[in-house]
Amino acid sequence: MLHKVISKQANSKDCFVCGSENESGLQVSFYEIDNRKIVCVFNAKTAHEGHPGILHGGIICSILDETAGRAMSVIDPEMSAYTIELNTQYLIPVPSNTQLTAAGWLDEVREKVYIAIAEIYLPDGRTAARGRGVYYIINKDKIADSDDCYHKVYPVEQDLFEIDIPDSEN
């Protein structure tokens, strides 16, 4: 189903997943869409394979973690958290050098943690991998301020305005 992009998520320059200047990273941009999900479209490189033509499980896990971890931003864009648990299901081998989509959404919010789900979709809409993460919410006052903002919106040439993701039960 086609969804409209509401906003682009902040990136960093050096993060392995979203770092816009990390040459060995994935350089993925994330967006909030109209159904309160966080999504990304990415094309992992041959350098990220585990077996020829198949994405390494650690790369899949990284995408799921980052996508689920950003899900809380639909409630609080300034929120920061770190992963305390991530369970991953590898359902179908994920090909490299293929445009893939991931979506993440909140499942439950508690006082100090939140739980989020993320999925990676193949071009034909099949769910290739699923993750469920538990994230510890960091107190905003403990995050160091910096003149050189680590996370901010870095525009890229091909920013998205709509994205097609499969409907899920959430």
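Starting from 1, each residue takes its place in the sequence as its number. Values below: all heavy atoms of this structure, side chains included; hydrogens, waters and symmetry mates excluded. All of these numbers come straight from a predicted model, not from anything done at the bench.
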- Hey, could you give me the CH2/CG distance between Trp105 and Asn35, rounded to the nearest 0.5 Å? 9.5 Å
- Would a 4.5 Å heavy-atom cut-off, applied to side chains only, mark Thr101 and Cys40 as touching? no
- Hey, are the side chains of Gln27 and Ser20 touching, using non-hydrogen atoms and a 4.5 Å cut-off? no
- Message: Rounded at 0.5 Å granularity, tell me how far SG in Cys15 sits from CG in Asn22.
- Response: 7.5 Å
- Determine whether Ile120 and Ile63 make a side-chain contact, defined as any pair of heavy atoms from C-beta on separated by less than 4.5 Å. yes
- Task: Could you note down all residue pairs passing side-chain hydrogen bond (donor to acceptor under 3.5 Å, both in side chains) where residues 38-47 supplies at least one of them, sequence neighbours left out?
- Result: Thr46-Asn97
- Does the pair Arg36/Glu32 count as a salt bridge with the N-to-O cut at 4.0 Å? no
- Side chain to side chain, Met72 and Leu106, heavy atoms closer than 4.5 Å: yes
- Message: For the CZ atom of Arg70 and the OG atom of Ser80, what is their distance to the nearest 0.5 Å?
- Response: 10.5 Å
- Check whether any side-chain heavy atom of Cys61 sits under 4.5 Å from a side-chain heavy atom of Tyr90, and report yes or no. yes
- Report yes if the side chains of Tyr136 and Val113 come closer than 4.5 Å at any heavy-atom pair, otherwise no. yes
- Of all heavy-atom pairs linking Leu64 and Tyr135, the shortest is O-OH, 4.4 Å
- Can a donor-acceptor pair be found between the side chains of Gln9 and Ser73 at a distance below 3.5 Å? yes
- Task: Please collect all ring pair (Phe, Tyr, Trp, His ring centres under 6.0 Å) contacts where either partner lies in residues 49-72, sequence neighbours excluded, each pair once.
- Result: none
- Task: Looking only at non-hydrogen atoms, find the nearest pair between Ile117 and Arg130 and report the distance.
- Result: CG2-CG, 4.3 Å
- Grab the two heavy atoms, one from His48 and one from Gly25, that are nearest each other, plus how far apart they are. CE1-O, 3.7 Å
- When rounded to the nearest 0.5 angstrom, what is the spacing between CG in Asn11 and CG in Asp14? 11.5 Å
- What's the spacing between Tyr31 OH and Ile33 CD1 if we round to 0.5 Å? 12.5 Å
- Note on the structure: Shortest non-hydrogen pair, Tyr121 vs Ala103, comes out as CE1-CB, 3.8 Å
- Task: With rounding to the nearest 0.5 Å, note down the distance linking OG1 in Thr67 to CD in Glu119.
- Result: 11.0 Å
- Task: Search all heavy atoms of Met79 against all heavy atoms of Gly69 and return the closest pair with its distance.
- Result: CE-O, 4.5 Å
- Query: Do the non-hydrogen side-chain atoms of Ile59 and Ser96 ever get within less than 4.5 Å of each other?
  - Reply: no
- Query: Quick one: do the Asn87 and Glu85 side chains pair a donor with an acceptor below 3.5 Å?
  - Reply: yes
- Indicate the atoms forming the closest heavy-atom contact of Arg110 with Glu108, along with that distance. NE-OE2, 2.7 Å
